[in-house]
Amino acid sequence: MAIKAVRGFKDILPEEALARVRIEDTAREIFDLCGLKEIRTPILEKTEVFKRGIGEHTDIVEKEMYTFLDRNGDSLTLRPEATAGIVRAVIQHKLYGKSPLLKLFTMGPMFRHERPQKGRLRQFHQVNVEYLGSREPASDAEIVWLAWEMVTRLAGSEDLLVEINSLGCEKCRPLHRADLKVYLENNKGDLCEDCQRRMKLNPLRIFDCKNEECRRNLLLAPVMKHYLCPDCSEHLGAVLDILEAYGVPFVQNPYLVRGLDYYVRTTFEITSKRLGAQSTVAAGGRYDGLVGLMGGPDIPGVGMAVGVERLLLLMEGSVAPKGIDLFIAALGQDARDESYFWIGYLRRKGVGVEFSFEDKSLKAQMKQADKAGARYCLIVGEQELDKEVAILRDMETKQQEEIELDDLPEALVERIRNKKAGD
RNA sequence: GUGGGCGUAGCUCAGUUGGUUAGAGCGUCGGGUUGUGGCCCCGGAGGCCGAGGGUUCAAAUCCCUCCGCUCACCCCA
């Protein structure tokens, strides 16, 4: 049996790679509009980084990380998300000293040992944005806008849902948590097995439960919305106002919760009905305590991540492969020998050129030209060499013209540039 | 980690109640006069029928085990 890639790790074949480049290009374009800078941190970090950053008692840390001992006994982990590593780097290099506000982005692979399914791989990719240094609602709103802009530019806005909630802060959140626990304790018997478990670990997660009965029982449960302190409440209101001004359509979802410990206040999620069970294409929120938690100064933060594989699912085949400018079909050794000079010249001038490495029939070479998506095909054989010309065929219109060999490469560059300009 | 569905050419899939040399479409390669692509026609190559075991005169087909893929739970981007 031939060797296959590891479960949950996928080869990215040319067609998909093209779509990914499009995502990356679009992301950079949008990020430039807001003045973000790119940062690239290692894929491998000390396990400690994620334990502290994500939270010791999250599923990610407890059972989904690729953790192993290095040869010298250090516990290392393949990053399951980007934020913790970026925060580590910001602290290590004291980047916050260079500017009061850091607007950072990164893109790359993340690793989580989960059971693969639609929109969920063990090696998956994210485009991440982290703003460090602002508590202002305008920064929350900009983060949501970036996520929205990215997803809609690439996949349209159809079937998308933007949900927003506030998780409160360290002042008001504990009150809600306490009341919620009491409520759950009293209704314990009506909750499903999973929720019984969630009750202890992360009570807020119960709001995510898909069980009909649980949902009904939670209708009367205390909701964070009613516990927000004046500051948090005002903050949320301001974020929503700005989003409205930006034209981002959203709904408030008081039940929206995040899986990671470090989130406070604003939390949001963009989902699509077209995605299946893993419906979140982008998500994020505010994490004011994280930098401090990881040993840095008390710097607030907001961030988001776009799931690349999920975005790809929404884009499905909308990226057309690009063809080549010119295919040279040379017949016979003399013509081939002659053509190498042109090929070198044209490529240096930025003209894309392909040709057949094998000495094939003209018909076979034309077929190859067609498959390569060539806009022009240059045909040269003995007859042409005798007349000191070459035939240039426009593959679309089938028009052919003879070009003198004397100034052939220059003439080709000009024709092809004009053609491109006309497109 | 727990369930459901599925593994037959490169891809998408047929394959009748077990029966002899396992098929189609697409793709690929070649040909349809000597030098002109896509469409059409003809032809070729390409399969340990996921792996191993069992039942049987006979297994792609029935049974068991394992592996893989996939969807869902869980979790989350």
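The chains referred to below are lettered A, B, ... by the order of the sequence lines, with proteins before strands, and numbering in each begins at 1.
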A.B. asks: I want to verify a distance call: between B:G68, B:G35, B:A77, whose nearest atom is closest to the A:E114 side chain?
C.D. replies: B:A77

A.B. asks: Take atom P in B:G7 and the same atom in B:A51, then report the distance between them in whole Å.
C.D. replies: 14 Å

A.B. asks: Taking only the side-chain heavy atoms of A:A364 (C-beta and beyond), determine which of B:A77, B:G30, B:G35 contains the nearest atom.
C.D. replies: B:G30

A.B. asks: Can you tell me, in whole Å, how much space there is between the C1' of B:G27 and that of B:U12?
C.D. replies: 11 Å

A.B. asks: Need one value for A:G276: base, sugar-phosphate or nothing, where a base atom within 4.0 Å counts as base even if backbone is also close, heavy atoms only.
C.D. replies: sugar-phosphate

A.B. asks: Measure centre to centre between the rings of A:F355 and A:Y340, then say whether the value is under 6.0 Å.
C.D. replies: yes

A.B. asks: When only distance counts, do a donor and an acceptor, one from the side chain of A:R7 and one from the base of B:G68, lie under 3.5 Å apart?
C.D. replies: no

A.B. asks: What's A:E81 touching, base or sugar-phosphate or nothing? Going by heavy atoms closer than 4.0 Å.
C.D. replies: nothing

A.B. asks: Could you work out the separation of B:U56 and B:G18 based on their C1' atoms and round it to a whole Å?
C.D. replies: 9 Å

A.B. asks: Given that A:L331 and A:R115 both sit by RNA chain B, which one's nearest nucleotide is further toward the 5' end?
C.D. replies: A:R115

A.B. asks: Kindly determine whether A:Y227 and A:D179 satisfy side chain to side chain donor-acceptor pair (under 3.5 Å), including the steps that lead there.
C.D. replies: CA-CA 10 Å; A:Y227 287 78; A:D179 280 7; 2.6 Å; yes

A.B. asks: Nearest of B:U2, B:G38, B:U36 to any side-chain atom of A:Q400?
C.D. replies: B:U36

A.B. asks: Tell me whether the OP1 or OP2 atom of B:C29 has a side-chain N or O from A:K371 closer than 4.0 Å.
C.D. replies: yes

A.B. asks: Give me the ring orientation class for A:F105 and A:F31: parallel if the planes are under 30° apart, tilted from 30 to 60°, perpendicular past 60°.
C.D. replies: tilted

A.B. asks: For A:V281, answer base if it contacts any base atom (sugar-phosphate contacts may also be present), sugar-phosphate if it contacts only those atoms, and nothing otherwise; contact means non-hydrogen atoms under 4.0 Å.
C.D. replies: sugar-phosphate

A.B. asks: So what does A:K363 touch, heavy atoms closer than 4.0 Å: a base, only the sugar-phosphate, or nothing?
C.D. replies: base

A.B. asks: If the cut-off is 4.0 Å, is A:Q117 near the phosphate of B:C71, judged by side-chain N/O to OP1 or OP2?
C.D. replies: no

